[in-house]
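Numbering starts at 1 and runs along the sequence shown. This one's a predicted model, so the numbers in the text were calculated from it and none came from an experiment.
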Amino acid sequence: AADSPGMGLAINRNGVVFASTPGGLMIGRRTGSRYTYHFDLLYLPGELRSKRAYQIGIDWEGRAWVGCGRGVCEVREDGSYRYWGKEAGIGEEQWDGVYVDGGGRIWLRSQKRLLRSDRGGRMWAAVGIVGASFEAALIFGDGEKVYLPEDAGLRILQEDGREVQRVGPENGLTGGTILGVCRDHERNLWIAYLGDGLARWLGYEEWEGWTTSEGLNSNVVWTLLRDRQGVLWAGGDAGVNLLEPQARRWKTLSGSREMGRVMSLAAVRPLVAGVVAATSLAAAAMAGDSCTAAASATPVSRSGSGTGTTG
């Protein structure tokens, strides 16, 4: 539903999970089993808390970048953080979209603006004014291009900020609100719609529609992910689906229906087939074609003092 809180999710190269939940930002680490996690709730002052953290980006140093308050927080594994706001050239806005591109630059998106940093996020420049769709200003990327959902479709940029093209009704794109974008192993573009399943763009005006008729367990798809083996993962209102390369039908991940709504997915590295999902109730760890363990998103402890600085 449109009033659902943000559920951003990301994993750094050390396997540390960063998850935004209605209760705040949580940091998870493996305990014992490689698919069992212990989560700590990061303490942030009231003015920096946000229930609309839809996306989290991981930079090349393993730090998480997430919208907080009227700026953005740079969070380290140990729970220390730095707040970047107006003084750093970031306007006082709700930054919903966060993406780290192939060059290590950090992209931020609000309902009205799009910013891009240098590598490391120390200097920021406006890329342009981009109107967002849905209640969240989302941003996606594949290490080569950046994808911006809009009311009229999808805007595609190069990572240097130049616009490549817009995909809309003139290209046969007829769906509604776009919640997820990714490319498959054949470089075809997949789009997740709110309530309309999935669409795969084959080029020009040629699209394929994928719904419950093709194996999805729900037409409400919130998030898409492609892992290193080329498997597509889709999280929606009824758990998780996966589509293997060359397959023509989606499969439901065993045990995932009990997870309920899955709003975000992230790949576990170096475990190629590992995926972690953020749901409306929990963060669940999965491998292969089954849900093997679940780690409660209820905070079991708070991380230190939440030491922070202001940029």
Side-chain angles (χ1 to χ4, degrees), residues 54-55 57 96-103 107 109 114 127-128 130-134 136-216 218-236 240-251 262-267 275:
Y54 290 92
Q55 294 182 309
D96 296 326
V98 183
Y99 167 65
V100 180
D101 68 21
W107 295 66
R109 190 183 185 195
L114 180 67
V127 177
V130 181
S133 63
F134 187 46
L138 303 177
I139 179 170
F140 304 95
D142 58 13
E144 297 177 7
K145 292 183 173 63
V146 178
Y147 307 98
L148 306 171
E150 299 179 315
D151 287 331
L154 187 69
R155 185 182 298 198
I156 304 176
L157 306 180
Q158 296 281 11
E159 291 194 341
D160 62 6
R162 292 178 297 169
E163 183 170 311
V164 177
Q165 68 183 118
R166 294 189 184 186
V167 181
E170 66 277 10
N171 306 105
L173 182 61
T174 58
T177 300
I178 297 174
L179 296 179
V181 180
C182 77
R183 287 191 181 273
D184 62 20
H185 67 291
E186 296 177 339
R187 307 299 294 164
N188 293 317
L189 191 67
W190 287 77
I191 295 175
Y193 292 114
L194 179 60
D196 292 319
L198 299 169
R200 181 168 69 164
W201 189 30
L202 303 177
Y204 301 103
E205 298 182 6
E206 188 176 359
W207 292 84
E208 288 182 343
W210 298 68
T211 64
T212 53
S213 298
E214 286 73 40
L216 289 175
S218 172
N219 284 334
V220 179
V221 179
W222 290 91
T223 180
L224 283 172
L225 172 74
R226 180 171 69 94
D227 68 20
R228 291 185 178 181
Q229 292 180 325
V231 177
L232 282 177
W233 300 75
V240 178
N241 293 268
L242 59 99
L243 182 72
E244 297 174 344
Q246 310 304 325
R248 297 297 302 172
R249 188 170 181 83
W250 289 81
K251 297 192 299 184
V262 174
M263 302 185 71
S264 188
L265 296 166
V275 174

Report yes if the side chains of [X] and [Y] come closer than 4.5 Å at any heavy-atom pair, otherwise no.
X: Ile139; Y: Val98; result: no
X: Trp107; Y: Arg109; result: no
X: Phe140; Y: Val146; result: no
X: Lys251; Y: Leu216; result: no
X: Val167; Y: Trp201; result: yes
X: Tyr193; Y: Thr177; result: no

key: Greater than 12 external heavy atoms within 6.0 Å of Arg162's CZ   =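 Count not over threshold, so no.
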
Side-chain ion pair, [X] and [Y], N-O less than 4.0 Å:
X: Glu186; Y: Arg183; value: no
X: Glu214; Y: Arg200; value: no
X: Asp101; Y: Lys145; value: no

Nearest heavy-atom neighbours spanning Leu232 and Cys182 =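 Nearest heavy atoms, Leu232 then Cys182: CD2-SG, 3.5 Å.
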
key: Side-chain donor/acceptor of Asn171 to backbone N/O of Gly168, under 3.5 Å   =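 Confirmed, Asn171 side chain pairs with Gly168 backbone.
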
